[in-house]
Amino acid sequence: MTQRIVIENAAIATVDAQDTEYASGYVVLGGNRIEAVGAGPAPQGLQNVVRRVDATGHLVTPGLVNTHHHFYQWITRGLATDHNLFNWLVALYPTWARIDEPMVRAAAQGSLAMMARGGVTTAMDHHYVFPEGSGDLSGAIIGAARDMGVRFTLARGSMDRSEKDGGLPPDFAVETLEGALAATEETVKKHHDASFDAMTQVAVAPCSPFSVSTGLLREGAELARRLGVRLHTHGSETVEEEKFCHELFGMGPTDYFESTGWLGEDVWMAHCVHMNDSDIDAFARTRTGVAHCPSSNARLAAGIARVPDMLAAGVPVGLGVDGTASNESGELHTELRNALLINRLGAHREAALNARQALRLGTYGGAQVLGRARETGSLEPGKLADLVLWRLDTLAHASIADPVTALVFGAAAPVTASFVNGRQIVEDGRLLTADEDAIARSTREQAQRLARIAARG
């Protein structure tokens, strides 16, 4: 018999198609699904209720969905803090090229722990650095997510354009085209789960136009579609990238991506900062998704993505932490606020984004971008039981009448409980599935170990 958890007396933002909200309502979880959501007290006579949660003073939302990250960067935080993207990459690639499996496992645990305790229920990692002899990096990342209890997409990245070919990565840090495709296919076949309630999925994810060959992009797209998985890469992040594409390919990034098969409803790209009207139209026409990373874009002085224009055109947009070497906090719930504030910069932009649009970016928008909007991203009967209880009755938020405004405009709200697949993974801001103090120690040790190895060259 299905076991039920009943959450009562909460403000609820469902983020469904009608943005339905309840000032005081309930959510019923049955196993790993949402069974019912509504106003007022929970229905009487529910069978096999194993737990009732009095959520007075809380807002219940869908779990946050992170659409772009690089977990390995957790052990290189706080470096190259005054660099633009290209100089930052040149400074850090020689260090990143020396990562190994123990480092990647610790970094993945740190990245996942920080997101999970801050309300992320679906995470992704774009991992594209595979030094020869470094071990099973994909397996280490997927294992960390499984142990943490977070729903997860691994974007299996790759690079085959190194310094000798005019790219940025060191020559010893890249794969061959054939090797990258073979390893990516093996990862998909070994780990990708296409089922409705999948906890692990895999996407095909060559890194960026300036670190992969045209052949790897084109054949990567063909591989993904043959295997029935999604595609991910970086796109239009900086003015330097746009200049690079014009000089090398005779066209801008969006036209280049379209020429290689990289626009479509099965594709999402990180950043998309430097997009003109025709670029946005192409993304809207093809339903290509965008992972908006406001803190990272500000940290690296990349610019401000035209998110309001993308949304108005019908482009699917979610939020991303990005790697924590360019967003040291590693928390997605702060990106709700930063997305709203950064997109208002400029004259007469006070209504560019509002609180509910920001919440939608971090929940349903992210689920759209990852191809999982049927399963998660909103609180609706039949969807997966991925949700968060945010406490809003403390000093930080209690005087703000509207709970969604409190969550987005206010300080980072405490997470009283976070459920993934019907299983609680956070209680009162602490992980139930991992030892945070042990993770802190291991990430510090691996960061120091990597620094020593990199210093030896």
Side-chain angles (χ1 to χ4, degrees), residues 1-67 116 119-123 149-153 193-201 316 318 356-390 392 403-404 407 415-426:
M1 183 181 291
T2 300
Q3 293 188 334
R4 292 181 172 82
I5 297 172
V6 179
I7 300 164
E8 301 178 281
N9 305 317
I12 299 171
T14 68
V15 200
D16 64 9
Q18 292 76 40
D19 266 332
T20 306
E21 296 180 13
Y22 304 107
S24 180
Y26 64 88
V27 182
V28 179
L29 310 183
N32 72 340
R33 303 292 175 93
I34 296 169
E35 281 194 352
V37 186
Q44 297 294 310
L46 291 171
Q47 300 296 305
N48 208 28
V49 174
V50 295
R51 185 177 171 200
R52 288 184 179 271
V53 179
D54 181 1
T56 301
H58 289 77
L59 172 67
V60 179
T61 72
L64 301 183
V65 179
N66 182 41
T67 62
V120 168
T121 57
T122 299
V150 173
R151 204 174 300 282
F152 182 60
T153 295
D193 179 356
S195 67
F196 184 89
D197 55 359
M199 292 296 290
T200 303
Q201 297 198 329
R356 282 160 177 82
Q357 287 175 305
L359 178 59
R360 180 171 289 274
L361 289 175
T363 54
Y364 186 82
Q368 268 190 303
V369 163
L370 295 185
R372 306 211 65 176
R374 286 190 316 116
E375 303 107 273
T376 190
S378 59
L379 301 180
E380 301 179 73
K383 284 199 165 186
L384 296 168
D386 298 356
L387 69 161
V388 179
L389 279 67
W390 308 91
L392 299 177
V404 176
L407 178 68
V415 174
T416 294
S418 180
F419 293 85
V420 182
N421 218 41
R423 174 195 185 196
Q424 187 173 351
I425 66 166
V426 176

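Numbers for residues simply follow the sequence, beginning at 1.
For the pair Leu407/Leu359, a side-chain contact is recorded, criterion being any heavy-atom separation below 4.5 Å from C-beta on. Between Tyr22 and Val37 the shortest side-chain heavy-atom distance falls below 4.5 Å. Considering only heavy atoms from C-beta on, Val420 stays 4.5 Å or farther from Leu384 through its side chain.
Listed by first and then second residue, the salt bridge (Lys or Arg N to Asp or Glu O under 4.0 Å) pairs that reach into residues 28-49 are Arg4-Glu35, sequence neighbours excluded. Within the structure, salt bridge (Lys or Arg N to Asp or Glu O under 4.0 Å) contacts touching residues 42-60 (residues at least two apart or in different chains) are Glu8-Arg52.
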Solution key, residues 39-50 side-chain donor-acceptor pairs under 3.5 Å, sequence neighbours excluded:
from, atom 1, to, atom 2, distance (Å)
Gln47, NE2, Gly45, O, 3.2
Asn48, ND2, Met1, O, 3.4
Asn48, ND2, Thr2, O, 3.0

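A side-chain contact (heavy atoms from CB on, under 4.5 Å) with Val27 is found for exactly one of Leu387, Val6, Val53, Ile5, namely Leu387.
In this view, Ala23 satisfies the side chain to side chain contact (heavy atoms under 4.5 Å, CB included) rule with no residue, not counting sequence neighbours. Under the rule for a side chain to side chain donor-acceptor pair (under 3.5 Å), the partners of Asn32 that lie at least two apart in sequence or sit in another chain are Asp197, Asn421. Val426 pairs by the side chain to side chain contact (heavy atoms under 4.5 Å, CB included) definition with Val415, Ser418, Leu431, not counting sequence neighbours. Under the side chain to side chain donor-acceptor pair (under 3.5 Å) criterion, Ser378 pairs with Glu380, Lys383, not counting sequence neighbours. A search for side chain to side chain donor-acceptor pair (under 3.5 Å) contacts involving Thr122 returns nothing, not counting sequence neighbours. Residues meeting the ring pair (Phe, Tyr, Trp, His ring centres under 6.0 Å) test with Tyr26, sequence neighbours left out: none. Among residues two or more places apart in sequence or in another chain, the side chain to side chain donor-acceptor pair (under 3.5 Å) test is passed with Arg360 by Asp19. Residues satisfying the side chain to side chain contact (heavy atoms under 4.5 Å, CB included) test with Ala358, not counting sequence neighbours, are Leu340, Val408.
Put simply, the side chain of Thr14 gets close to the backbone of Thr20: a donor and an acceptor are under 3.5 Å apart. For Arg372 (side chain) and Gly366 (main-chain N/O), no donor-acceptor pair under 3.5 Å exists by modelled atom type.
Residues Thr416 and Trp390 have side chains that never bring a donor and an acceptor to within less than 3.5 angstrom of each other.
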(request) Using the salt bridge (charged side-chain N to carboxylate O under 4.0 Å, His left out) rule, take Arg151 and Glu375 through it: C-alpha gap first, then chi angles, then the decisive distance, then the call. (result) CA-CA 11 Å; Arg151 204 174 300 282; Glu375 303 107 273; over 6 Å; no
